[in-house]
Amino acid sequence: MTSPLALLGGNPVITQAGPHFSWPPLDEQSEAAIIGQLRHSISIYDRAGVVERLEEALCDYHGVTHAVLTSSGTAALHSMYSASGLGPGDEVIVPAYTFFATVTPLLHLGATPVLADCDESGNLDSRDVARRITERTKAVVVTHIWGVPAAMQALKAVIDEHSLMLLEDASHAHGASIDGQRAGTFGRAAAFSMNGPKPLSAGEGGFVLTDDDEVYYRVLVHSQYNKRCRNELPSDHPLYDYAVTGMGLKFRIHPLAAAIALDQLGRLDHYLIGRAETADYLRERLSELPGIVAPELPVGVRASWYGLPLQYATNELDGLPVERFYEALQAEGCREVDRPGSTCPLNLLPLFQRPETLFPGYASKLSYSPRDFPNAEAIHRNTLKLPVWHRQEDRSLVDSYIHAFRKVTANYHALIG
Ligand SMILES: *Cc1c(COP(=O)(O)O)cnc(C)c1O
């Protein structure tokens with residue numbers, strides 16, 4: 001008997017050509033915003049025009065005092081770390097499971113990243129953080145992976161107990177919150193990416209948030225030299241002497257990117273409401289299936305659902321390898337199901353195993369190996385990530401993805417052996 005599974009010659013559930021998901025959603029209003037900016041100015045040297053409007057809108061949205069736009073999230077992280085005074089001799093506890101750019105800017109500052117394992121949500125585990133604190137530890141960086149907020153209460157307890165600085169990489173988590181408190185407002189400062197697929201997108205861009213005036217001034221000095229520093233640093237500030245050159249880096253955002261992000265920010269909450277509905281719908285239906293564990297949110301927690309990270313449980317399907325399960329879904333036409341590649345436990349990357357080829361100063365400081373972070377590695381291996389559509393019109397597509405998951409789990413026996 002032949003199998004109905006597409007991988008074994010049957011008909012696929014989804015025949016609609018891809019892509020099935022694209023981000024950000026741009027419409028005529030976005031185009032008008034871009035054209036308007038194009039006609040007005042495409043180079044802004046100070047906190048004026050669309051840069052000022054977007055920074056103010058980000059401050060309002062998050063309820064913080066300062067926002068500084070940057071050319072990327074990586075740049076925002078670099079400036080945030082520099083402005084937080086992190087440098088040689090400092091240890092910074094970071095998630096082992098994150099996108100590598102959470103950590104790489106620290107290597108350019110001479111600080112030592114200390115990786116820590118995650119809990120079952122994929123976010124930093126406060127118990128492992130506590131184990132890795134030494135007298136040189138200065139800060140802890142939290143990523144809210146795939147837009148699901150980390151367990152901030154437990155993390156803050158450890159961080160406060162040891163008087164450490166809390167910094168956030170909220171690049172997945174625009175608008176996510178815990179009891180109404182938004183990601184990016186929990187620590188001394190936060191950095192966000194606004195790269196293409198991020199919940200708030202500028203195409204390319206990023207920003208730093210902080211309530212701390214000194215961090216703000218130092219972010220400007222780090223990477224927004226000359227006009228911004230001259231305009232915004234108080235003239236009696238000790239750094240004012242350096243206003244013209246700053247530290248010599250320029251990480252300004254492109255005004256067209258800022259125009260896109262300002263347009264998108266006005267709709268972010270609408271996107272997140274739609275995503276929450278789809279995520280609930282998917283979680284309810286997929287978590288019933290053997291082999292699939294859907295993420296659960298504690299009461300009061302709202303995710304931005306940058307992705308829906310499902311965990312594959314091979315033991316519930318007689319040991320069927322995740323690779324085979326994934327192949328079967330792809331064959332059914334689920335082209336948006338993703339096994340994340342570059343967002344992976346950092347100990348699996350050569351840069352964190354043998355950094356000395358690129359960063360000679362780290363020869364004896366970083367030498368991670370596979371198997372150092374068992375939770376992160378298991379979660380990474382078993383993650384099947386789905387996009388979370390925000391539009392009601394996409395519900396039939398969502399239904400066909402669910403149908404494909406049902407079909408593969410119902411017929412998994414044919415894939416074994
Ligand atoms: C995307 C991302 C970054 C890097 O942001 P870019 O804008 O691509 O430079 C950093 N950290 C995390 C967690 C990200 O997802």
Side-chain angles (χ1 to χ4, degrees), residues 23-24 54 58 67-82 84 86 92-109 113 115-116 118 121-124 139-150 152 155 166-176 183-184 186-187 189-209 219 222-223 249-254 256-258 260-261 264-265 303-309 338 340-346 348-349 351-352 376 379-380 383 385 387-388:
W23 195 262
L54 179 53
L58 288 167
V68 182
L69 293 164
T70 58
S71 49
S72 71
T74 309
L77 287 152
H78 193 171
S79 286
M80 174 176 75
Y81 295 146
S82 172
S84 302
L86 299 175
V92 182
I93 298 179
V94 299
Y97 183 47
T98 184
F99 182 63
F100 57 79
T102 304
V103 182
T104 46
L106 291 168
L107 304 178
H108 293 267
L109 294 167
L115 309 191
C118 59
S121 77
N123 280 318
L124 202 53
V140 177
V141 182
V142 174
T143 303
H144 308 285
I145 197 90
W146 308 124
V148 175
M152 294 311 296
L155 284 162
L166 168 60
L167 298 170
E168 292 172 83
D169 178 352
S171 294
H172 291 185
H174 314 70
F186 286 92
F192 291 72
S193 169
M194 297 192 290
N195 181 236
K198 302 294 160 68
L200 175 64
S201 179
E204 291 285 357
F207 58 94
V208 178
L209 299 182
V219 167
H222 182 250
S223 61
L249 295 175
K250 195 182 84 173
F251 290 170
R252 288 202 300 252
I253 195 168
H254 196 294
L256 294 179
I260 293 170
Q264 293 294 302
L265 181 57
S304 63
W305 298 120
Y306 177 43
L308 182 71
D338 180 34
S342 57
T343 298
C344 71
L346 302 184
L348 303 181
L349 298 168
L351 185 59
F352 295 88
I379 283 192
H380 173 60
T383 295
K385 186 168 66 73
V388 183

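Whatever order the structure lists ligands and atoms in, that order sets their numbers, starting from 1. One is the number of the first residue; the rest follow in order along the sequence.
Residues Leu249 and His78 meet the side-chain proximity criterion, which asks for heavy atoms closer than 4.5 Å. Counting heavy atoms from C-beta on, the side chains of Met152 and His144 come closer than 4.5 Å. Contact annotation: the side chain of Thr343 approaches that of Ile145 to within less than 4.5 Å [non-hydrogen atoms, C-beta and beyond]. The side-chain heavy atoms of Val92 and Val141, taken from C-beta on, include a pair separated by under 4.5 Å. For the pair Leu167 and Leu86, the minimum side-chain heavy-atom distance is below 4.5 Å.
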* To do: Run the numbers on Thr98 and Leu124 for side chain to side chain contact (heavy atoms under 4.5 Å, CB included), then give the verdict.
  => CA-CA 9 Å; Thr98 184; Leu124 202 53; over 6 Å; no

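For atom 13 (C) of ligand 1, the closest non-hydrogen atom on the protein side is Asp169 OD2, 3.3 Å. Of the protein's non-hydrogen atoms, Thr74 OG1, 2.5 Å is the one closest to atom 9 (O) of ligand 1. Of all protein heavy atoms, the one closest to atom 8 (O) of ligand 1 is Asn195 CB, 3.7 Å. Atom 3 (C) of ligand 1 has its closest protein heavy atom at Phe99 CD2, 3.6 Å.
Looking at ligand 1, you won't find any N or O of Thr98 less than 3.5 Å from one of its N or O atoms. Taking any N or O of Gly73, backbone or side chain, at least one lies under 3.5 Å from an N or O belonging to ligand 1. Between Glu204 and ligand 1, a contact under 3.5 Å exists for no N or O pair. Taking any N or O of Lys198, backbone or side chain, at least one lies under 3.5 Å from an N or O belonging to ligand 1. Between His172 and ligand 1, at least one N/O pair is under 3.5 Å apart.
When Ser193, Pro197, Ala173 are ranked by how near their heavy atoms come to atom 5 (O) of ligand 1, first place goes to Ser193.
Side-chain atoms of Glu168 come within 3.5 Å of backbone N or O of Phe186 as a donor-acceptor pair. Within the 3.5 Å criterion, the main-chain N or O of His172 finds a donor-acceptor partner in the side chain of Ser304.
Not close to ligand 1: Ile145, with no non-hydrogen atom less than 4.0 angstrom away. Not a single heavy atom of Ala76 sits under 4.0 Å from any atom of ligand 1.
With a 4.0 Å heavy-atom cut-off, ligand 1 is reached by the side chain of Leu77 but not by its N, CA, C or O. Counting heavy atoms under 4.0 Å from ligand 1, residue Ser72 touches it through both backbone and side chain.
For ligand 1, the atoms sitting less than 4.0 Å from at least one non-hydrogen atom of Thr102 are 11 (N), 13 (C), numbered in the order shown with element in parentheses. Using a 4.0 Å cut-off to heavy atoms of Gly205, the atoms of ligand 1 that qualify are 7 (O).
Aromatic ring centroids of His222 and Phe251 lie under 6.0 Å apart.
Below 30°, between 30° and 60°, or above 60°: for Phe192 and His174 the angle between ring planes is between 30° and 60°, a tilted geometry.
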